[in-house]
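All values derive from a computational prediction rather than experimental measurement. Index from 1, following the sequence.
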Amino acid sequence: MTVVRRGPRRGRGRLLALALVAAALCGGGVLGDVAARQPPRVVLQPSALAAEAAPAGSASSTWYCPAGPGEDAGTTHVVLANAAAQRVRIGVVVVSARGERRRVALRLGPHAESALTPGRLVHGAWLASGIEVAGGAVSATEVVDGRKGRSLASCASEVSPRWYFASGSTASGSTLSVTLFNPTPNLAVVDLAFVTGTGDTVPAPFQGLVVEPWALRTLTVGRYVQNQRSVATVVAARAGAVVAGELELYGPGGTAGLSLSLGAPAASRRWNLPSVEDLAGGMSDLAVFNPSSRRERVVATVRLATGPVEPFTETLGPQSVWTLVTSDQLRIAAQEPYTVEVRSTGPGTVVARTGAGGPRSPAPWWAAAAAVDALQSSAARRWLVPALPGAVQQSAGVLAVENPAARPVAAEVVWWTRSGTRRLRRLQVPAHGRATLNAPSRAAVVRADAPLAVIADASPPGTAGVVGIPAVPLR
């Protein structure tokens, strides 16, 4: 099976530049009042950067939220956070899987955030959003609130011809959906491939899928990949480019939960998880996916508050998944926070984590760390951490900052109160260590003199480490 297709990268910037023109032709204009765009970038972002906030001085920037449920499975919100010192104009186009479309314009004040509910603009079981900002330093995050819980995932700042997902499940009681959103003026033709515990599979109905310009397609994986506890997914475009997301609804074993995730546009040789905790009586595992045709030697280093433990190692064959059940490892204590760094020697891997409170634990909650995948460190020294306002406000969480380097790193967290007062918190992050503080109630910027990994843990009480607010690298 050819899982990864190495298509040419040229033309990707042109797709982005023309996306809004297509929307204007198809839908009566998208953002006519938004400033003209800068010349688009034409290179792929670094390995794990599916999402990256443009500098505050940018003429414009874009975000694409692949899709969240609009009705039955829950309510989707798009949270916009502005880290700039000036007000920005924003246009949003909401698209349903049935082809309905509506646009809205809004303004976002300096150092402010706002939540938009796409289902109030367009009715549909699935809804995707395209966002154009007349400026930079703005992030977009999708939040799904459903009967089975809550999940968060960053929206994408670029389209890509390929996307990878390390985890998923079609076991009894679980529903795995893949969404394909094409916010470009060009037709996209997409193939899906899956790696499971019983081998590779390329279902014929998931080959040659046509995604028209500004269209959304949703696919139920379990129709053709059935009763698989572990499912890794590859989305590869023969032509064009898309934004791909996954939604997992989980229910077996007395637990329940959901997970919304944005794929990784490329594999990476290093992944960092700065906020992990195994719940007493619960379950936690780490999925490491090798999507390449080469063998990978993988080392997973776990660091507790007291120091590192003996690393976990594995050699992965081509197009295979290593599932490390961390909650079964005696060297990792339950209910103690730790960090994980995953390194590989070949082309790279894709990493995800799943955590749950058991059915007899104080909090029988489940969530996949697909919301955490986009937060993995990729040489970022500035991060934008959104807050969750209004109806989607979560109880105060923890902001975790991990230092993957061998020397201490000085960092500072800056945010503004609703009254406009600037707050500053300085941190000294030890070598190969982490620092934490109570997450600000407003959008914050983390700045450092060396690369860091940043996440805000917004888990419900008693379920630390299973729901994260995606921090976004800020150029």
Side-chain angles (χ1 to χ4, degrees), residues 45-49 51-58 81-85 110-111 113 136-139 141 154 268-277 301-309 336-343 372 374-387 396-417 420-458 464-465 468-475:
Q45 299 184 50
S47 299
L49 292 182
E52 183 181 29
S58 301
N82 179 18
H111 312 301
E113 57 273 333
V138 171
S139 71
T141 305
S154 179
S268 175
R269 290 186 177 183
R270 191 192 80 206
W271 295 83
N272 293 92
L273 286 82
S275 180
V276 184
E277 187 171 333
T301 302
V302 172
R303 291 185 174 88
L304 306 174
T306 54
V309 301
E336 289 190 17
Y338 61 92
T339 65
V340 181
E341 181 180 75
V342 179
R343 288 186 177 269
V372 178
L375 307 184
Q376 312 312 313
S377 173
S378 188
R381 302 188 184 198
R382 290 167 56 87
W383 294 81
L384 173 54
V385 186
V398 174
L399 182 64
V401 181
E402 182 192 359
N403 174 17
R407 68 172 183 85
V409 172
E412 61 181 22
V413 183
V414 181
W415 70 98
W416 282 259
T417 66
T421 303
R422 182 176 183 269
R423 301 293 189 189
L424 172 66
R425 174 76 181 272
R426 290 188 171 88
L427 302 173
Q428 189 72 15
V429 191
H432 297 301
R434 76 170 196 160
T436 61
L437 69 154
N438 291 333
S441 59
R442 304 274 284 175
V445 174
V446 178
R447 301 185 296 218
D449 60 5
L452 292 172
V454 179
I455 180 175
D457 188 348
I469 298 176
V472 177
L474 176 61
R475 284 186 290 129

Less than 4.5 Å apart, side chain to side chain, heavy atoms only: is that true for [X] and [Y]?
| X | Y | value |
| --- | --- | --- |
| Val413 | Val445 | no |
| Arg269 | Arg343 | no |
| Val385 | Val454 | yes |
| Thr436 | Val401 | no |
| His432 | Arg303 | yes |

Would you give the length of the straight line joining atom [atom1] of [X] to atom [atom2] of [Y], rounded to the nearest 0.5 angstrom?
| X | Y | atom1 | atom2 | value |
| --- | --- | --- | --- | --- |
| Leu304 | Glu336 | CG | CD | 6.5 Å |
| Ser154 | Glu52 | OG | CD | 11.0 Å |
| Glu412 | Arg426 | CD | CZ | 5.5 Å |
| Asp449 | Leu452 | CG | CG | 8.0 Å |
| Leu399 | Asn438 | CG | CG | 9.5 Å |
| Ile455 | Leu273 | CD1 | CG | 7.5 Å |

What pairs of donor and acceptor atoms, side-chain ones from residues 403-410 against any protein atom, are under 3.5 angstrom apart with sequence neighbours left out?
from	atom 1	to	atom 2	distance (Å)
Asn403	OD1	Ala405	N	2.9
Asn403	ND2	Arg407	O	2.8
Asn403	ND2	Val429	O	3.4
Asn403	ND2	Pro430	O	3.1

Are Leu437 and Leu427 close enough, and set up right, to give a side-chain contact (heavy atoms from CB on, under 4.5 Å), and what steps lead you there? CA-CA 9 Å; Leu437 69 154; Leu427 302 173; 3.9 Å; yes
Kindly give the heavy-atom pair with the smallest separation between [X] and [Y], and that separation in Å.
| X | Y | answer |
| --- | --- | --- |
| Asn82 | Gly136 | OD1-O, 4.3 Å |
| Pro386 | Ala81 | CB-CB, 3.8 Å |
| Ala53 | Val472 | N-CG1, 3.5 Å |
| Pro473 | Ala471 | CD-O, 4.1 Å |

Name all residues meeting the salt bridge (Lys or Arg N to Asp or Glu O under 4.0 Å) criterion together with Glu402; count only those two or more places apart in sequence or in a different chain, and write none if there are none.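 Expected list: none.
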Residue list, salt bridge (Lys or Arg N to Asp or Glu O under 4.0 Å) with Arg382, at least two apart or on another chain: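 Salt bridge (Lys or Arg N to Asp or Glu O under 4.0 Å) check on Arg382 returns nothing, list empty.
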Donor-acceptor pair, side chain of Trp415 and main chain of Ala83, under 3.5 angstrom: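 Side chain of Trp415 to backbone of Ala83: no pair is present.
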Taking side-chain contact (heavy atoms from CB on, under 4.5 Å) as the definition, give me every residue that meets it alongside Pro337, ordered by chain and number, with sequence neighbours left out. Glu277, Arg434
So, using ring-ring contact (aromatic ring centres under 6.0 Å, His included) as the criterion, who are the partners of Trp416 when residues are at least two apart?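 Scan of Trp416 (ring-ring contact (aromatic ring centres under 6.0 Å, His included), adjacent residues dropped) gives His111.
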Quick one: which residue pairs count as a salt bridge (Lys or Arg N to Asp or Glu O under 4.0 Å) with a foot in residues 435-445, not counting sequence neighbours?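 Sorted pair list: Glu113-Arg442.
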Got a sec: does the CZ of Arg422 have more than 12 other heavy atoms crowding it under 6.0 Å? yes
